[in-house]
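Input: a single structure, listed below in C-alpha cells.
Quick caveat, the model's predicted, so the values are computed rather than measured. Side-chain atoms are counted along with the backbone in the values below, which use heavy atoms only and exclude waters and symmetry mates.
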Amino acid sequence: MATGTLIFSHIIPAVLGFFGVLLLISGIMDNEKKITIIGALLFIVAAISPFIVLNFVI
C-alpha cells in the first residue's frame with residue numbers, strides 16, 4: 001500500500017508536471033496555442049491529482 005501512495009503522490013505528478021512544462025515551453029516557442037493549452041492543463045492535473053487520487057486510495 002505504501003508503494004501505491006508513493007507512486008501517486010510523488011512520481012506521477014512529477015512526470016506529468018515535467019511533460020506539462022515541456023509542452024508549455026514548446027507551445028510558446030512555436031506559437032501553438034493548442035500545445036500550450038495542453039501543457040497548462042497537464043501541469044494543473046499534475047498539481048491536483050495527488051489530492052484527488054490519494055483520497056480514494058487511503
Side-chain angles (χ1 to χ4, degrees):
M1 186 77 142
T3 305
T5 58
L6 179 70
I7 290 171
F8 286 115
S9 67
H10 288 84
I11 297 171
I12 292 176
V15 171
L16 290 177
F18 176 73
F19 285 118
V21 169
L22 285 180
L23 287 173
L24 273 168
I25 292 170
S26 177
I28 290 171
M29 295 292 278
D30 293 337
N31 281 336
E32 293 283 336
K33 287 187 179 187
K34 192 174 190 180
I35 296 175
T36 306
I37 291 171
I38 292 171
L41 290 175
L42 194 62
F43 191 79
I44 291 170
V45 167
I48 295 174
S49 66
F51 299 106
I52 295 171
V53 173
L54 290 177
N55 282 331
F56 294 113
V57 173
I58 296 177

Is [Y] reachable from [X] through a run of hydrophobic residues whose side-chain heavy atoms are each under 4.5 Å from the next?
{"X": "V21", "Y": "V45", "answer": "no"}
{"X": "I25", "Y": "F43", "answer": "yes"}
{"X": "F18", "Y": "F8", "answer": "yes"}
{"X": "I7", "Y": "L42", "answer": "yes"}

**Report entry** Nearest non-hydrogen partners of P13 and P50, listed with the distance
**Finding:**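 Closest heavy-atom pair between P13 and P50: CG-CG, 3.4 Å.
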So, taking the atom named [atom1] in [X] and the one named [atom2] in [Y], what distance separates them when rounded to the nearest 0.5 Å?
{"X": "L24", "Y": "F19", "atom1": "CG", "atom2": "CZ", "value": "13.5 Å"}
{"X": "L6", "Y": "I12", "atom1": "CG", "atom2": "CD1", "value": "10.0 Å"}
{"X": "I35", "Y": "M29", "atom1": "CD1", "atom2": "CE", "value": "13.0 Å"}
{"X": "I11", "Y": "L16", "atom1": "CD1", "atom2": "CG", "value": "12.0 Å"}

Requested in this report: Could you please spell out the steps behind the side-chain contact (heavy atoms from CB on, under 4.5 Å) verdict for T36 and L23?
Outcome: CA-CA 6 Å; T36 306; L23 287 173; over 6 Å; no
Report task. Give a yes or no answer on whether the side chain of S26 reaches the backbone of L22 with a donor-acceptor pair at less than 3.5 Å. Result ->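 A pair under 3.5 Å: no.
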